[in-house]
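Counting from 1, the numbers follow the sequence of the chain as shown.
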Amino acid sequence: MTIAVTGAAGALGRLVIDSLLTTETPRDVVALVRDADKAADLAARGVEVRVAEYADAHALGKALVGLDKVLLISSSEVGRRFAQHRNVIDAAASAGVPYLAYTSMTKATESSSPLAPEHRQTEDYLAASGLAHTVLRNNWYHENYLAQLPAITESGVLTAAAGEGKVAAAARRDFADGAATVLTTGGHERKVYEFTGDAALSYADIADAFGQVIGRAVVYRPVAAADLVAAMVQAGVDEGTAAFVAAIDTSIAEGALDLVDPTLGTLIGRPTTSLVDVLRSV
C-alpha cells in the first residue's frame, strides 16, 4: 500500500511522515512537495519525493498516479485554498486514487471563523467527487500560541478578543498521529472526525499555562475586536491581517473551537498533549 502526504515539507506534513514511518516501510510512503530541496532529508530516509504544487493541476495529475491513499493537508494560502484543494481532488480522481483524507477544521459546516468557508467548500466538493474519503476536522494547534511567548514573558499579559470562548486545542503531533492512524487502518471511509484535544481551555486557562512555564503570573486581558485591530496596526501589522486575526478571535468567543470530542485520543491510544507540555518543549 502506497500512502502519499501532500505538503509533506511543512510542519504537519513532516510529522505525519514521521508517524507513518513507525509502521510503514519508507518505500511505501510518498512525500508530495513543491520544492524537492526542502524534502532532501525525507528522501535520505528512503521516502519517495514527488514535486507538485497545489496550483499545478498537470503536475498533480502525474504525481498522484499509482497511489493507494492520499492525505490532502489543507493549503496555507487563505483565499486560494479551495481552488488548490479542488485541483488535488480532481487529480486524485483522474489518477484512480482509491481513497483520500482531508484536514479540515472544527465544526467547518457551522463555524463563524473566517477560516471555515474554504474548508466547507472543500468538504462539499470532496463529498460530491465519488472518492472514498475521510474528513479530519482539526481543532487549533497549541503551537499557534508559541509566537506570543516572548511578548507574554516580557509583559505577563495575554491579550485577545476571544471573550469567554474556549479552545480544545492539541499538539500538532497529536493531529499527525491521528491522520497516520486513519491512513494505516480500516473503517474510516465516509466519516467526518472531529479531532480535538481532551479539554477546552479558556483564555484564562491559557494564560495560566504560560505562567506555569515562564515562572511568573500571566493574566488574560480581553479586549474588543476593534481595539485589538488598532493595537496590532499601531505595532506595525497591516490592517487586513489585523482584521483577520481579530475575526478569528471573535469566532472563538462565539464558540468556534470549543468542541471537545474523544475521537483523536481514542485513535492515537493516549491522552492528547497539554499546552503546558508544548510550551515547555521550546
Side-chain angles (χ1 to χ4, degrees), residues 12 74 78 81 102-124 134-149 152 157-179 182 191-213 218-229 242-268 270-279:
L12 179 60
S74 57
V78 177
R81 281 173 150 180
Y102 168 64
T103 62
S104 185
M105 75 168 293
T106 292
K107 298 193 283 189
T109 53
E110 59 191 83
S111 175
S112 61
S113 170
L115 296 168
E118 289 180 292
H119 286 298
R120 191 157 50 238
Q121 287 178 289
T122 303
E123 286 191 20
D124 289 343
T134 307
V135 174
L136 312 177
R137 288 182 174 171
N138 291 352
N139 203 288
W140 214 233
Y141 301 144
H142 286 320
E143 288 85 352
N144 291 344
Y145 295 110
L146 294 181
Q148 299 178 62
L149 187 55
I152 290 172
V157 177
L158 168 63
T159 302
E164 299 302 313
K166 294 186 176 183
V167 181
R172 191 176 275 115
R173 181 169 294 280
D174 297 332
F175 294 111
D177 288 347
V182 168
K191 293 186 178 180
V192 176
Y193 289 145
E194 294 282 359
F195 276 2
T196 79
D198 295 337
L201 303 183
S202 68
Y203 269 66
D205 295 329
I206 294 168
D208 182 65
F210 274 102
Q212 290 182 53
V213 172
V218 175
V219 297
Y220 167 47
R221 185 177 69 191
V223 297
D227 293 336
L228 180 62
V229 170
F244 188 78
V245 171
I248 290 175
D249 276 11
T250 299
S251 73
I252 291 172
E254 294 169 350
L257 297 175
D258 62 1
L259 176 68
V260 177
D261 189 290
T263 301
L264 180 57
T266 299
L267 283 174
I268 64 179
R270 58 173 172 79
T272 58
T273 310
S274 71
L275 174 58
V276 168
D277 285 342
V278 170
L279 293 173

Quiz item: Heavy atoms, side chains only, cut-off 4.5 Å: are R137 and T263 in contact?
Solution: no
Practice problem: Would you name the heavy atoms of D174 and I268 that are closest together and state the gap between them? | Solution: O-CG2, 3.9 Å
Exercise. Not counting sequence neighbours, which residues clear ring-ring contact (aromatic ring centres under 6.0 Å, His included) with Y102? List them please.
Key: H85, H119
Self-check item: Closest approach of V135 to S104 (non-hydrogen atoms, all atoms of both residues)
Solution: CG1-CB, 3.7 Å
Quiz prompt | Contacts of type side-chain hydrogen bond (donor to acceptor under 3.5 Å, both in side chains), residue Q148, not counting sequence neighbours | solution = none
Exercise. Grab the two heavy atoms, one from E194 and one from T106, that are nearest each other, plus how far apart they are.
Key: OE1-CA, 3.4 Å
Quiz prompt | L12 CG to S74 OG distance, which is reported to the nearest 0.5 Å | solution = 8.0 Å
Self-check item: Nearest atoms (heavy-atom pairs only) where A108 meets R120
Solution: O-NH1, 2.7 Å
Quiz item: Got N144 and R172 here, is their nearest side-chain heavy-atom distance under 4.5 Å?
Solution: yes
Quiz item: What is the distance from atom CG of L158 to atom CG of L149, rounded to the nearest 0.5 Å?
Solution: 11.5 Å
Self-check item: Y220 side, atom OH; D208 side, atom CG - distance, nearest 0.5 Å
Solution: 14.5 Å
Practice problem: Report the residues that fulfil salt bridge (Lys or Arg N to Asp or Glu O under 4.0 Å) with E143, sequence neighbours left out, ordered by chain and then residue number. | Solution: none
Self-check item: Over all atoms of both residues, closest heavy-atom pair of T273 and A171
Solution: CB-CB, 3.6 Å
Quiz item: What heavy-atom pair brings M105 and S111 nearest, and what distance separates the two atoms?
Solution: CE-OG, 4.3 Å
Quiz item: Going through the checks in order, is the side-chain contact (heavy atoms from CB on, under 4.5 Å) test met by V192 and T109?
Solution: CA-CA 11 Å; V192 176; T109 53; over 6 Å; no
Practice problem: Sequence neighbours left out, what passes side-chain hydrogen bond (donor to acceptor under 3.5 Å, both in side chains) with D205? Give chain and number order. | Solution: S202
Quiz prompt | Side chain proximity check, Y203 to P222, heavy atoms < 4.5 angstrom | solution = no
Quiz prompt | Mutual orientation of the aromatic rings belonging to Y145 and F210 [parallel < 30°, tilted 30-60°, perpendicular > 60°] | solution = perpendicular
Exercise. Report yes or no: does T272 contribute a side-chain atom to a donor-acceptor pair with the main-chain N or O of G265 at less than 3.5 Å?
Key: no
Self-check item: Flag side-chain contact, heavy atom, 4.5 Å: T103 against F175
Solution: no
Quiz item: So do N139 and F195 actually touch side chain to side chain, heavy atoms under 4.5 Å?
Solution: no
Quiz prompt | Check: D198 and V260 side chains under 4.5 Å, non-hydrogen atoms | solution = no
Quiz prompt | Residue list, side-chain hydrogen bond (donor to acceptor under 3.5 Å, both in side chains) with D227, at least two apart or on another chain | solution = none
Show the atom names and distances, to 0.1 Å, of all donor-acceptor pairs under 3.5 Å that link a side chain in residues 246-258 to residues at least two apart or in another chain.
residue	atom	partner	partner atom	Å
D249	OD2	A161	N	2.9
T250	OG1	A246	O	3.0
S251	OG	I248	O	2.7
E254	OE1	S112	OG	2.6
D258	OD1	K107	NZ	2.9

Quiz item: Between D177 and R270, is there a salt bridge with N-O shorter than 4.0 Å?
Solution: yes
Exercise. For side-chain contact (heavy atoms from CB on, under 4.5 Å), just list the numbers for V219 and V157, CA-CA rounded to whole Å, side-chain angles, deciding distance to a tenth of an Å, and then say yes or no.
Key: CA-CA 5 Å; V219 297; V157 177; 4.1 Å; yes
